[in-house]
Amino acid sequence: MRRRLVIGNWKMHGSLSGNAALLAQLREGEGVVGHCDIAVCAPFPYLAQVQGVLQSSAVSWGAQDISAHTLGAYTGEVAGTMLDDFACRWVLVGHSERRSMHAEGDQLVADKASAALAVGITPVVCVGETLQERESGRTTDVITRQLAPVMALGAAAVAKVVVAYEPVWAIGTGRTATPQQAQDVHAHIRASLAVLATPDVRVLYGGSVKASNAASLFAMPDIDGALVGGASLAAEEFLRIAAA
Ligand code: PGA
């Protein structure tokens, strides 16, 4: 049985004072959501703050990126052991903003997933096609290509990852994939993973998820939750998504 999972991706938003208010509201409201896992992925400098407020709460936390390397001369990078020092349970890898703005390729994304697993952190592997790729009928090919190096890590590793399908054209645009469009790709991802006999891998949808569209997305059989950007910055909206 795949337990529902809703993860907030704060992206490069936040401040000590703003986070304090948001985290306090999450703690107050978390009780309404007993049936799913909830997490927030915060910018690195705020991990200590998030850990301080959320420890012993039902909301877990993680980071938005991880180095593929262990400790060493990698200026600006953050190692898995460092994330583990702040008890991160999750880390996003291969978010489309990192793929497009930081030229992260499929193999690097898989290496990052592997680095996370090496320290016991669950990588949330993000995949998704651009509008141009969708319109030229290449959606499933792109997803297959993006997943391939992750699949090559083997069944034991893949059983421990979370996959997030985030069509690039739906991220931050207010244009959500229809539940059926998302379901079609989720079914493709599920079928791809089935080759490794990993039926319990959770596949999240991301891209303009809001309280008003969450329930219809979550009604689809292969959608196990959501990766939420903009709407995760308002506690009430985020908790309503999780409640859906
Ligand atoms: P959005 O972002 O919910 O603001 O579209 C989702 C994401 O990038 O993870």
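Indexing begins at 1, ligand by ligand and atom by atom, following the structure's order.
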Checklist entry - Are any of the heavy atoms in A231 under 4.0 Å away from ligand 1? => result no
Checklist entry - Is there a heavy atom in H95 that sits closer than 4.0 Å to ligand 1? => result yes
Checklist entry - Is G172 near ligand 1, meaning one of its heavy atoms is under 4.0 Å from it? => result yes
Item to check | W169 versus Q132, side-chain donor and acceptor atoms under 3.5 Å | outcome: no
Item to check | ligand 1 contact on A170 by region, counting heavy-atom pairs under 4.0 Å | outcome: backbone
Checklist entry - Short list, please: which atoms of ligand 1 are under 4.0 Å from a heavy atom of G230? => result 1 (P), 3 (O), 4 (O)
Next on the checklist: With a cutoff of 4.0 Å, is C126 in contact with ligand 1, counting heavy atoms of the residue only?
Outcome noted: no
Next on the checklist: Looking at E236, I'd like to know if its CD atom is crowded, meaning that more than 12 non-hydrogen atoms belonging to other residues, nucleotides or ligands lie closer than 6.0 Å.
Outcome noted: no
Checklist entry - Rounded to the nearest 0.5 Å, how far apart are CG of L47 and CG of L54? => result 11.0 Å
Next on the checklist: Looking only at protein heavy atoms, which one is nearest to atom 3 (O) of ligand 1, and what is the separation?
Outcome noted: G229 N, 2.9 Å
Checklist entry - Can you list the atoms of ligand 1 that are under 4.0 Å from a heavy atom of I171? => result 2 (O), 5 (O), 8 (O)
Next on the checklist: For ligand 1 and E166, I'd like to know whether there is a polar contact (N/O to N/O, distance under 3.5 Å).
Outcome noted: yes
Item to check | Polar side chain donor-acceptor pair, D222 to Q183, under 3.5 angstrom | outcome: yes
Item to check | Ligand-residue contact atoms, ligand 1 with L227, heavy atoms, under 4.0 Å | outcome: 9 (O)
Checklist entry - When you measure from the side chain of S192 to the backbone N and O of H188, does any donor-acceptor pair fall under 3.5 Å? => result yes
Checklist entry - Considering only heavy atoms of K11, which atoms of ligand 1 have at least one such atom less than 4.0 Å away? => result 2 (O), 7 (C), 8 (O)
Item to check | Spacing of SG belonging to C88 relative to CE belonging to M82, to within rounding of 0.5 Å | outcome: 12.5 Å
Checklist entry - Salt bridge or not for D106 and R99, using N-O below 4.0 Å? => result yes
Next on the checklist: Is it the case that ligand 1 has an N or O less than 3.5 angstrom from some N or O of G207?
Outcome noted: no
Next on the checklist: Quick one: does any side-chain atom of D184 pair with a main-chain N or O of Q181 as donor and acceptor, under 3.5 Å?
Outcome noted: no
